[in-house]
Structure formats: C-alpha cells, structure tokens
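Remember, it's 1-based here, ligands and their atoms both numbered in the order they're listed. Positions are given from 1 along the sequence. Note that the coordinates shown come from a computational prediction; the quantities given were computed from them, not determined experimentally. Values reported hereafter were calculated over all heavy atoms of this structure, with side chains retained and with hydrogens, waters and symmetry mates removed.
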Amino acid sequence: MRQVTDAFNFYQGNNPRELAAEYGSPLYVYNERIFRQRCKEMIKLSTYPKFGVNYAIKANTNLTLLKIAREEGCTADISSAGEAMAAMAAGFKPSELLFVVNNVSAEELEYAVKLGITVSVDSLSQLDTLGQVNTGGRIALRFNPGIGGGHHEKVITGGDGTKFGIMPEYIPEVKNLLAKYNLKLIGINHHIGSQNWGDLYLEGVGALLDLARQFDDLEFIDLGGGFAIPYQKQSGEKPLDLQAIGSTLDKLLFDFSKSYGKELTFLIEPGRYLTAECGVLLGTVHSTKTCGEARYAGTDLGFSVLKRPTLYDSHHDIEIYRDEKSDTPLDDANKQIINIVGNQCESGDYIAKERQLPPLQKGDVLGVLDAGAYGYAMACQYNHRSRPAEILIQQDNTTKLIRRRDTHEDIIANMQGL
Ligand SMILES: *Cc1c(COP(=O)(O)O)cnc(C)c1O
C-alpha cells in the first residue's frame, strides 16, 4: 500500500506511523524536496526571458513554505490583506506581490496601495473604488475572456456565469474609468479555474493575449494558474505534460511580444501544482462498522481537517500504514468496498467514498495523498476540533514542526463576555 509515496521517496526514511506518534494525529506532512522541485518545474515552464511564477499562496500559506517558494524565485499572488501580511512575514517584498481582489472593501484596497502592492480589480465597480483610493496610480485588471474550466463547478472562474473577471464587452467603460481617475494600466490577468489540463489552459492564454492587444504599453500579462496534478496516481494517472505546454506557451509568448513591440513580463499563478503533491495528511482509524451493506472506517480525518472531499467530491488516494506487529497483513486479495469517514457530526463528513481497500482496522494510520494544496488552508475548528500540526521533511531527511496543533485555549481565545 506504499507504492505512491515510495515511488516519490516521500518520507525519506521516516516512518509515517512514528511521525503520527511523535507529532500527533491528524498531521500534515510536507516534503521540502518535492516542493522545491515543483517550484523549479514551473519556473522553467517557458524559456521566454521575462517569465515568472506568482505562487497563488491561498493554496498553502504556511510561512515556511512561503519562504521556500521565495528562495526558489517565485513571487506571490495574494487574495486578501491577511495573505499580504503572511507573504511579507515570510520575506516577500510588496513589489513581489500581486493582489488579485474580488469584492473587497475600500479599506483593504487602501492597505495594499499604501504598501505599494499592485492591485488587480475585476469589476467596473471595484475599479471605480480603486480609482478613488489610488488616483493617478498604477493598477492591473482581471478579465474574463470567456473561457473557463475546472474539476468541479465550484472552482470554475472563467466563462459565463462566474463572479470573477471583467467581460471584454466592458472595455470601453474600463477605458473611461482609467481616464477618469488618471490610472495607468500596467498589467492584466485572468484565471480560468482549477485543476485544468493543458489544452484548455492554452486556449485561455490565447484568448487573454487577444484581449491584451486592446491596451497599449502593458508591463505584464499574468496568465493565471489552475495547472492540474494527478490525484489518481494509484490508478496510473499521469502528470501534466509540461514540455508540451511549455513549447506551445513559448511560441505564444515570443510571438505576442514581437507583434506587441515590447518585451513585457509574463507571469503564471499556480497554487495547487506547487503544493498539492508535497503534502500527505496522516490520520488514524478509531472505529470500524457496517451499516446495512455499507462498511465504514471512522477516523480523525473530519472535514475540519481536509474539506475537499466534502466540498468538491474530490478524490484523494489513500495509503494504509499498519503496525508491523499486526498479525493481519495488508493483503490485496481480500479487498472490500469501504467508506472512510471523519469524526464530525455531519453525514457529509467523509474522506473517501466506496474505495476498494483491504479491510481497515482500529489503529491503522492512513495517508491521504496530495493533500498539500487547499488542505490546511481550508481547515477549521468546527466541533471545537483543533486544526492539526504541520511538519516538514527537510532535504536532509530530518523533520521539523512548522505549525503546532491548536490548543483548547486557541479555540476559545476570541470569546468574551462570560
Ligand atoms: C486560486 C487562484 C489561483 C491558483 O489556482 P490553482 O488551481 O491552485 O493553480 C491562481 N490565480 C487566482 C486568481 C486564484 O484565485
């Protein structure tokens, strides 16, 4: 049951059962080597000279990972003032941040403008607010050039019927507002959705570049994120063909810059691609039961720890780490269909539905793979459960605690008035 993490050398000699015993369960485990590798792959995606990677930090804002991303040469895409503070706490300079906003207050815009962070707004109404806050300033705009896609309707952020981006038909009004507030449009961006494979991504890039020609003198074009990762590696799913994407991207970028008459900067905004595969969530089986035909393994992996299966019906591969002293070895021969559920008081609380697995037992430690993106970042304290700890397997194979588990005091800390 260890084939995927073994193939990646994920634990680098550490035993996941021992990690869960030492740091507690559930536990987010990240691998530094894999994270750095993913950053490097994205940075060399295109050979265009002014090509950069804006890490969309909302996928995983652990400060240690942010610091590593910066060391690898990434800049950062942020979605809130809070994320700006996190990025700066990890060492990013305001000039290295692009604040892609959606429905924020004038105060939040003002916070970013005062620091000198470039803000990209995505509606005429927010452009008007930004014009008032940053009259005469340099700004960016997020467009929706009509292409969208993703792994679930909840993550599609382009095309018809999404709250994100300015539709191209509003460009005349955009130009009026730019003139009214004497704003200089230095960049445009888009983001079509999450977990997209190459073709749709490139189609989106083509559409954004067409739209970019309607603006003179841009300094950057940010082509968005959404690069897919294979969540079903146990069934042989293959990674993105970065070479194929890179060579088409190269052609699009070099051709555009030639016809635009300027070597502007091109950025991409991957979140998931950089962090998903560097994270495994460990949890423990505390009970097993059968209800009618359905078998359940009850764990400490409720949706307060990993929300993606409940929110998006997402698939995460599962590995089982059983005590070597157990007299029932993991045996593929007698696999059965089982639901892995959590400990929250909700029937939608599951981690894996109807999986073919060897019978699970109390005390088994489970590894939920590819949990490094939108995992801890979406964790909450529902049912007064502590958000888990996070550790890093460093390049020298040693482990380091990079966020401690919530204590009961943390959970009640903001309450007043007893
Ligand atoms: C979430 C987001 C991203 C990153 O998406 P991934 O699917 O994680 O790559 C990039 N850009 C914007 C504007 C986003 O909101």
Part of Pro270 within contact of ligand 1 (heavy atoms, under 4.0 Å)
backbone

Ring geometry between Tyr382 and Phe303 (parallel below 30°, tilted from 30 to 60°, perpendicular above 60°)
parallel

Any idea how His316 and Tyr231 line up, ring-wise: parallel (<30°), tilted (30 to 60°), or perpendicular (>60°)?
perpendicular

For Gly224 and ligand 1, answer yes if some heavy atom of the residue is under 4.0 Å from a ligand atom, otherwise no.
no

When you compare ligand 1 with Lys58, is there at least one nitrogen or oxygen pair between them that comes in under 3.5 angstrom?
yes

For atom 7 (O) of ligand 1, what is the closest protein heavy atom, and at what distance to 0.1 Å?
Ser194 OG, 2.3 Å

Gly193 N/O under 3.5 Å from ligand 1 N/O
no

Select the closest option to atom 10 (C) of ligand 1 among Arg142, Glu269, Met42, judged by heavy-atom distance.
Glu269

State whether Lys58 and Asp77 are salt-bridged, where the test is any N-O pair (Lys NZ or Arg NE/NH1/NH2 against Asp/Glu carboxylate O) under 4.0 Å.
no

A student checking ligand 1 against Gly271 at a 4.0 Å heavy-atom cut-off should list atoms 4 (C), 6 (P), 8 (O), 9 (O)

Counting only heavy atoms closer than 4.0 Å, does ligand 1 sit against the backbone of His191, its side chain, both, or neither?
side chain

Within a reach of under 6.0 Å around NZ of Lys50, are more than 12 heavy atoms found that belong to other residues, nucleotides or ligands?
yes

To which protein heavy atom is atom 8 (O) of ligand 1 closest, and what is the distance rounded to 0.1 Å?
Tyr374 OH, 2.5 Å

Picking from Val100, Ile268, Ile188, Leu98, what satisfies side-chain contact (heavy atoms from CB on, under 4.5 Å) with Asp222?
Leu98

Does a sphere of radius 6.0 Å around OH in Tyr170 hold more than 12 heavy atoms from other residues, nucleotides or ligands, not counting ones at 6.0 Å or beyond?
no

At less than 4.0 angstrom from any non-hydrogen atom of Ala56, what atoms of ligand 1 do you find?
3 (C), 4 (C), 10 (C)

Would you check the N or O atoms of Arg272, main chain and side chain alike, for any that come under 3.5 Å of an N or O of ligand 1?
yes

Check Arg36 with Glu71, please: is the shortest side-chain N to carboxylate O separation under 4.0 Å?
yes

Carboxylate-amine/guanidinium proximity below 4.0 Å for Arg404 and Asp410:
yes

